[in-house]
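One structure below.
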Protein chains: 2
Amino acid sequence: MRVSAKSDYALRALIEMASRADGKAVSAEELGRLQEIPHGFLQAILADLRRAGVVISQRGQSGGWRMGRPATDVSVADVIRAVDGPLVSVYGLRPEAVTYNESAEVLQHVWIAARRSLRDVFEQTSIQALADGKLPKAVTSRTADEDAWQPH
Amino acid sequence: MRVSAKSDYALRALIEMASRADGKAVSAEELGRLQEIPHGFLQAILADLRRAGVVISQRGQSGGWRMGRPATDVSVADVIRAVDGPLVSVYGLRPEAVTYNESAEVLQHVWIAARRSLRDVFEQTSIQALADGKLPKAVTSRTADEDAWQPH
DNA sequence: GAGAAGTCGATCCAGACACTCGACTCCTCC
DNA sequence: GGAGGAGTCGAGTGTCTGGATCGACTTCTC
């Protein structure tokens with residue numbers, strides 16, 4: 001259950017992009033400097049996001065990157081899927097694709113429930129919400145409990 | 001957000017172990033055969049579970065492995081932590097340990113909420129429940145919706 | 001009681017894969 | 001043209017998965 005550096009970097013870059021209300025393109029170099037992301041790695045991440053239609057690239061001088069669709073329409077789940085594939089996978093397979101023998105097939109239900117649980121959080125959080133610092137109830141209700149912040 | 005083979009194998013082996021109501025020890029060779037787990041890999045996984053006190057090993061002829069504490073007291077979360085470390089980590093760091101700059105610090109709340117969300121599922125599901133096929137409400141309520149089974 | 005057999009325990013090795021990052025090339029606008 | 005920037009390619013590193021070997025320990029059998 002680990003979040004890759006790619007997903008984290010992608011989200012941070014998008015937050016920075018969405019904060020530019022003017023809609024001007026931002027260079028990858030600047031994004032990398034603002035969020036301390038290695039330039040080459042960020043380039044590959046932005047390419048993934050471009051293929052998913054999340055961002056648009058513009059070459060040439062005064063070129064750069066900007067949102068491909070409104071930041072309110074891009075969820076955290078969209079970004080993770082574009083950059084890292086399915087939300088949850090069981091060593092390479094999607095939860096609904098893994099096969100177990102009779103005694104272990106209940107495990108599949110657990111993985112499906114886990115994905116459902118993550119979707120509740122990731123699909124209801126948009127990039128715009130992150131840029132504004134206005135988190136949805138799906139997040140705030142789960143972080144209110146102090147126990148949620150203890151190491152687990 | 002991927003489940004490693006180690007966690008999956010560990011859970012399958014434990015389900016098989018907990019199904020032996022007689023409390024007799026089961027050899028690693030038999031566990032591996034029943035659940036199609038590579039023998040050497042399973043040996044390493046069982047060693048991790050032993051260090052966590054989840055299982056007990058017995059050498060010698062008619063030796064093998066058995067539960068170290070009641071299967072009702074071992075949750076899926078316990079197993080994942082014993083075998084793969086923290087439930088969710090952001091490229092190596094625990095969610096509460098990652099540091100962001102001002103504009104991105106909201107991301108930490110998202111990761112905390114995600115972990116809280118997973119704990120709701122994994123901590124309420126015991127090995128005994130899996131062995132009996134009697135899943136807790138935390139799981140059944142999330143898998144009831146047909147949409148939960150669609151690829152995401 | 002001695003030997004044999006079965007089992008865990010630890011270590012090393014290797015291929016595959018993903019992660020991380022830098023260097024170079026090509027395109028676009030001034 | 002020239003400069004700034006996207007686009008592509010590839011290398012180094014680490015982790016995951018799996019196999020093999022040798023040693024230690026316990027029980028069973030004769």
Side-chain angles (χ1 to χ4, degrees), chain A residues 1-10 12-13 17 20 24-52 54-68 80 82-86 89-93 98, chain B residues 1-13 17 20 24-68 80 83-86 89-93:
Chain A
M1 291 288 130
R2 46 193 288 277
V3 179
S4 72
K6 283 183 83 172
S7 293
D8 189 63
Y9 285 161
R12 280 155 62 183
M17 228 179 284
R20 306 297 174 96
K24 289 268 179 59
V26 193
S27 75
E29 190 278 329
E30 185 175 359
L31 287 174
R33 185 163 37 76
L34 289 170
Q35 289 289 338
E36 298 177 45
I37 305 172
H39 175 265
F41 199 21
L42 177 57
Q43 204 69 256
I45 293 166
L46 290 170
D48 283 338
L49 292 175
R50 182 172 54 83
R51 277 186 282 271
V54 173
V55 298
I56 292 175
S57 63
Q58 177 65 44
R59 287 193 180 188
Q61 204 166 17
S62 77
W65 301 84
R66 61 178 189 279
M67 299 299 298
I80 294 178
V83 156
D84 264 332
S89 64
V90 183
Y91 52 100
L93 277 61
V98 287
Chain B
M1 289 288 134
R2 50 190 288 278
V3 179
S4 71
K6 284 184 82 172
S7 293
D8 189 63
Y9 286 162
L11 288 166
R12 281 155 61 182
M17 229 180 283
R20 306 298 175 96
K24 289 265 179 62
V26 193
S27 74
E29 191 277 332
E30 185 176 358
L31 287 174
R33 186 163 37 76
L34 288 170
Q35 290 289 335
E36 297 177 47
I37 305 173
H39 176 266
F41 199 22
L42 177 58
Q43 203 68 257
I45 292 167
L46 290 170
D48 283 338
L49 292 175
R50 181 174 53 85
R51 276 186 282 272
V54 174
V55 298
I56 292 176
S57 63
Q58 176 65 43
R59 289 192 183 186
Q61 204 164 18
S62 79
W65 300 85
R66 61 178 189 277
M67 299 299 298
I80 295 178
V83 156
D84 264 333
S89 64
V90 184
Y91 53 101
L93 276 60

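Chain letters run A, B, ... following the sequence lines, proteins first and then strands; every chain starts at 1.
- The line from CZ of A:Arg33 to CG of A:Leu42 is 12.0 Å long, rounded to the nearest 0.5 Å.
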Starting from the C-alpha separation in whole Å, work towards a yes-or-no answer on side-chain contact (heavy atoms from CB on, under 4.5 Å) for B:Ile45 and B:Val83.
CA-CA 7 Å; B:Ile45 292 167; B:Val83 156; 4.2 Å; yes
Identify every side-chain donor-acceptor pair in residues 47-60 of chain B under 3.5 Å, counting partners at least two apart or on other chains, and give the distances.
{"from": "B:Asp48", "atom 1": "OD1", "to": "B:Arg51", "atom 2": "NH2", "distance (Å)": "3.0"}
{"from": "B:Asp48", "atom 1": "OD2", "to": "B:Lys6", "atom 2": "NZ", "distance (Å)": "3.1"}

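- Rounded to a whole Å, the NZ atom of A:Lys6 is 10 Å from the P atom of C:dA18.
- Residue whose closest nucleotide on DNA chain D sits further toward the 5' end, between B:Ala5 and A:Val26: A:Val26.
- Partners of A:Ser7 by side chain to side chain donor-acceptor pair (under 3.5 Å), not counting sequence neighbours, listed by chain and number: A:Asp84.
- For D:dG18, one of the phosphate oxygens OP1 or OP2 lies less than 4.0 angstrom from a side-chain nitrogen or oxygen of B:Tyr9.
- With sequence neighbours excluded, the residues satisfying side-chain contact (heavy atoms from CB on, under 4.5 Å) with B:Gln43 are B:Ala28, B:His39, B:Trp65.
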Grab the N/O contacts between the protein and nucleotides 25-30 of chain D below 3.5 Å, and write none if there aren't any.
{"from": "D:dC25", "atom 1": "O4'", "to": "B:Arg59", "atom 2": "NH1", "distance (Å)": "2.5"}
{"from": "D:dT26", "atom 1": "O2", "to": "B:Gln61", "atom 2": "N", "distance (Å)": "3.3"}
{"from": "D:dT27", "atom 1": "O2", "to": "B:Gln61", "atom 2": "OE1", "distance (Å)": "3.2"}
{"from": "D:dC28", "atom 1": "O4'", "to": "B:Gln61", "atom 2": "OE1", "distance (Å)": "2.8"}

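- C:dA18 atom C1' lies 10 Å from atom CG of A:Asp84, rounded to whole Å.
- One distance of note links CZ of B:Arg12 with CG of B:Leu31; it measures 11.5 Å at 0.5 Å rounding.
- Remark: P of C:dT7 and CD of B:Glu30 are 9 Å apart, rounded to the nearest angstrom.
- To the nearest 0.5 angstrom, B:Lys24 atom NZ is 11.5 Å from B:Arg66 atom CZ.
- Within residues 38-52 of chain B, the residues having any heavy atom closer than 4.0 Å to DNA chain D are, in order of number, B:Pro38, B:Phe41.
- Protein atom CD of A:Glu29 is 11 Å distant from nucleotide atom P of D:dG4, rounded to whole Å.
- The side chain of B:Tyr91 approaches C:dT20 more closely than any other nucleotide in the set D:dT17, C:dG9, C:dT20.
- Between B:Asp8 atom CG and D:dG18 atom P there is a gap of 11 Å when expressed in whole angstrom units.
- With sequence neighbours excluded, the residues forming a side-chain contact (heavy atoms from CB on, under 4.5 Å) with B:Ala5 are A:Tyr91, B:Tyr9, B:Phe41, listed by chain and number.
- For the pair A:Ser27 and D:dG4, the criterion of a side-chain N or O lying under 4.0 Å from OP1 or OP2 is not met.
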